[in-house]
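The analysis underlying the following values was restricted to heavy atoms, covering all of them including side chains, and did not include hydrogens, waters or symmetry mates.
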Amino acid sequence: MSEKGNQGSGDPSSQPNDVEKADIALGKKLAKHRHHPVAEAAGKAGKFGDQGPLYALSAGVLAVGVAARDRRVTDTGLSMLGAIGAADVLKRITKRLVRRTRPRVLLEDGRYEADAGGSESKREQSFPSGHTACTVAAARALSRRVPEARVAAGAASVAIGLSRIAKGEHWPLDVAAGVVIGLAAEAFAALFFAAQRPNPRK
């Protein structure tokens with residue numbers, strides 16, 4: 001599907017559906033001021049939601065737990081690492097299946113395309129938002145182990161997701177898909193983690 005190249009092709013299958021059109025319209029509106037200082041600052045802060053910093057954060061939590069011999073902190077670090085890893089794998093698989101240009105490509109070059117098959121170009125890897133997926137997974141894992149951190153973790157996830165839209169890196173549906181992937185990944189990691197624990201009833 002291409003907003004620029006295929007609109008006049010006459011092929012109905014190449015045209016965005018109503019949901020996609022609404023997603024594009026909202027994404028363009030939110031990313032229109034992506035060069036504003038506030039949006040620029042939000043974009044820089046949003047980089048903390050990348051896999052690298054999140055892996056480092058969870059590894060740090062794990063290291064503190066091991067050093068302090070604190071079971072709760074150690075389990076929190078392990079849970080976060082597992083959730084982030086699962087989300088990372090799922091979002092990579094999804095990106096290999098879907099090719100979608102980022103909002104900034106449409107805003108700067110007038111080109112929008114979405115199709116199956118994935119792409120090696122970062123400019124065509126909009127779906128899903130990996131930052132959102134990994135941040136949500138980490139936040140959910142943290143909240144599960146440390147309920148008192150739930151509000152702060154949730155707020156951080158929302159802020160990072162919105163920052164990716166505001167910077168023109170992702171469409172709203174990309175972020176929504178990232179949320180779903182993050183929650184699913186954390187749930188899977190939590191089940192796996194629980195299965196490794198000995199059953200106290202045995």
Q: Does a side-chain heavy-atom distance below 4.5 Å link Thr132 with His170?
A: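 No, side chains not in contact.
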Q: Could you check whether any side-chain heavy atom of Arg104 comes within less than 4.5 Å of a side-chain heavy atom of Arg123, counting everything from C-beta outward?
A: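 With C-beta onward as the side chain, the pair touches.
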Q: Looking at Arg145, is its backbone amide N or carbonyl O close enough to the side chain of Arg72 to form a donor-acceptor pair, meaning the two atoms are under 3.5 Å apart?
A: yes
Q: Main chain of Lys122, side chain of Arg102: is a donor-acceptor contact present, judged purely on distance under 3.5 Å?
A: yes
Q: When you measure from the side chain of Trp171 to the backbone of Thr101, do you find a donor-acceptor pair of N or O atoms at a distance under 3.5 Å?
A: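 Flag set: sc Trp171 to bb Thr101 pair under 3.5 Å.
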Q: Less than 4.5 Å apart, side chain to side chain, heavy atoms only: is that true for Leu90 and Phe188?
A: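 The answer is no; the side chains never approach within 4.5 Å.
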Q: Got a salt bridge between Glu40 and Lys167, using NZ or NE/NH1/NH2 to carboxylate O under 4.0 Å?
A: yes
Q: Hey, does Glu124 have a side-chain heavy atom less than 4.5 Å from the side chain of Arg111?
A: yes
Q: Should Glu186 and Arg144 count as side-chain neighbours, where that means a heavy-atom distance under 4.5 Å?
A: yes
Q: Would you kindly say whether Ser129 and Arg164 are connected by a side-chain donor-acceptor distance under 3.5 Å?
A: no
Q: Between Asn17 and Val19 (side chain of the first, backbone of the second, donor and acceptor by atom type, cut-off under 3.5 Å), is there such a pair?
A: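 Yes: the side chain of Asn17 pairs with the backbone of Val19.
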Q: So do Tyr112 and Val105 actually touch side chain to side chain, heavy atoms under 4.5 Å?
A: no
Q: Looking at Thr74 and Val66, what are the two nearest heavy atoms and their distance?
A: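 For Thr74 and Val66, the tightest heavy-atom pair comes out as OG1-N, 3.3 Å.
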Q: Report yes if some heavy atom in the side chain of Leu107 is under 4.5 Å from a heavy atom in the side chain of Lys28; otherwise report no.
A: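 The answer is yes, as the side chains (C-beta and beyond) meet within the 4.5 Å cut-off.
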